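These figures come from a predicted structure and were not determined experimentally.
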Amino acid sequence: MQGADKGTANRLDGNDLRVGLVQARFNDDLTGRLATVCIDELLALGVQRKHITHVTVPGALEVPVALQAMADSDRYDALVALGCIIRGETYHFELVANESGAGVTRVSLDHHVPIANCILTVENQEQAEARVQEKGRDAARVAVEMANLLDDLL
């Protein structure tokens, strides 16, 4: 929910963390801005630029396979999925939203690597525009917080 009470985050120290970002190019203007905001926030949290890997894929359905390749490499403490699915006139919106989300979750659970899912699913361009800043920042913060939490738990 936009502007929701998210509580207080724990351990937002990104020093020594390696983070991989997978950005869907479909709706590239929006997803490019999501990536920029996310990277800026990762840097602000202490993640070194050289420890951020940013790749692009054609669309949201391709995001999970790139995340899986990154997770298979064991080089990342956290991953981020970036995309934007805008409802159209057909059932395709539901298919892409559901399958990309399920794929991201499966990779995270199968590999025990936190993945901040920042694939926006919105009704229109205006909703997407309204979410880019907050959700891009949130994705970076979730990735760092969860990487530190899993480090403590495992």
Side-chain angles (χ1 to χ4, degrees), residues 1-57 59-86 96-122 127-154:
M1 176 188 308
Q2 194 74 347
D5 178 2
K6 299 170 188 155
T8 303
N10 296 312
R11 299 224 21 229
L12 288 175
D13 180 5
N15 289 312
D16 300 320
L17 293 182
R18 295 178 186 276
V19 180
L21 282 74
V22 178
Q23 173 198 337
R25 291 189 311 270
F26 203 89
N27 293 313
D28 193 46
D29 178 55
L30 292 162
T31 63
R33 285 188 281 143
L34 276 172
T36 298
V37 170
C38 183
I39 290 168
D40 287 348
E41 185 69 10
L42 288 170
L43 294 169
L45 295 172
V47 179
Q48 295 178 41
R49 186 171 293 280
K50 68 181 180 181
H51 291 161
I52 300 171
T53 302
H54 176 205
V55 301
T56 63
V57 296
L61 287 175
E62 292 76 36
V63 169
V65 72
L67 290 169
Q68 185 172 33
M70 288 177 144
D72 284 342
S73 77
D74 288 326
R75 291 185 300 198
Y76 301 97
D77 300 296
L79 301 170
V80 179
L82 300 168
C84 182
I85 306 165
I86 300 174
V96 175
N98 291 338
E99 293 302 319
S100 64
V104 169
T105 300
R106 191 175 92 216
V107 172
S108 183
L109 294 173
D110 287 352
H111 291 278
H112 301 119
V113 63
I115 301 176
N117 188 346
C118 188
I119 299 177
L120 302 180
T121 52
V122 296
Q127 287 181 354
E129 295 281 350
R131 286 162 177 74
V132 166
Q133 290 293 320
E134 182 178 355
K135 297 304 179 185
R137 264 192 318 274
D138 285 352
R141 297 171 70 82
V142 165
V144 169
E145 181 177 2
M146 289 303 296
N148 287 321
L149 175 64
L150 287 188
D151 186 52
D152 290 346
L153 293 175
L154 297 175

Any H51 side-chain heavy atom under 4.5 Å of V19 side chain = no
Decide if atom CZ of R33 counts as having more than 12 heavy atoms of other residues, nucleotides or ligands within a radius under 6.0 Å.
-> yes
Report the C-alpha distance between D77 and D151 in whole Å, list the side-chain angles of each, state the deciding distance to 0.1 Å, and finish with yes or no for side-chain contact (heavy atoms from CB on, under 4.5 Å).
-> CA-CA 9 Å; D77 300 296; D151 186 52; over 6 Å; no
Residue pair V57 / V65, side-chain heavy-atom distance below 4.5 Å = no
Can you tell if the side chain of L149 reaches within under 4.5 Å of the side chain of R11, non-hydrogen atoms only?
-> no
Side-chain heavy atoms of V96 within contact of I119, under 4.5 Å | no
Side-chain touch Q23/L34, heavy atoms, less than 4.5 angstrom | no
So do the side chains of L67 and V104 get within less than 4.5 Å of each other, counting heavy atoms only?
-> yes
Rounded to the nearest 0.5 angstrom, the CZ-NZ distance for R137 and K135 is 10.5 Å
Take atom CG in D28; do more than 12 heavy atoms of anything else shown fall under 6.0 Å from it?
-> yes
Any donor-acceptor pair under 3.5 Å linking the side chain of E134 with the backbone of R131?
-> no
Look up atom NE2 in H54 and atom CZ in R49, then write down how far apart they are to the nearest 0.5 Å.
-> 11.5 Å
To the nearest 0.5 Å, what is the distance between CG (L21) and OG1 (T31)?
-> 11.5 Å
Validation row: L30, L120 side chains within 4.5 angstrom (heavy atoms) | no
Side-chain heavy atoms of L17 within contact of N148, under 4.5 Å | yes
Donor-acceptor pairs are to be reported for all side-chain atoms of residues 105-113 against protein atoms at under 3.5 Å, with residues two or more places apart or in another chain.
residue : atom : partner : partner atom : Å
T105    : OG1  : G101    : O            : 3.1
S108    : OG   : V113    : O            : 2.7
H111    : NE2  : D72     : OD1          : 3.3

Inter-residue atom distance L150.CG - E145.CD, 0.5 Å rounding = 10.5 Å
Check C84 against N27 and note the closest heavy-atom contact, atom names and distance.
-> O-ND2, 2.8 Å
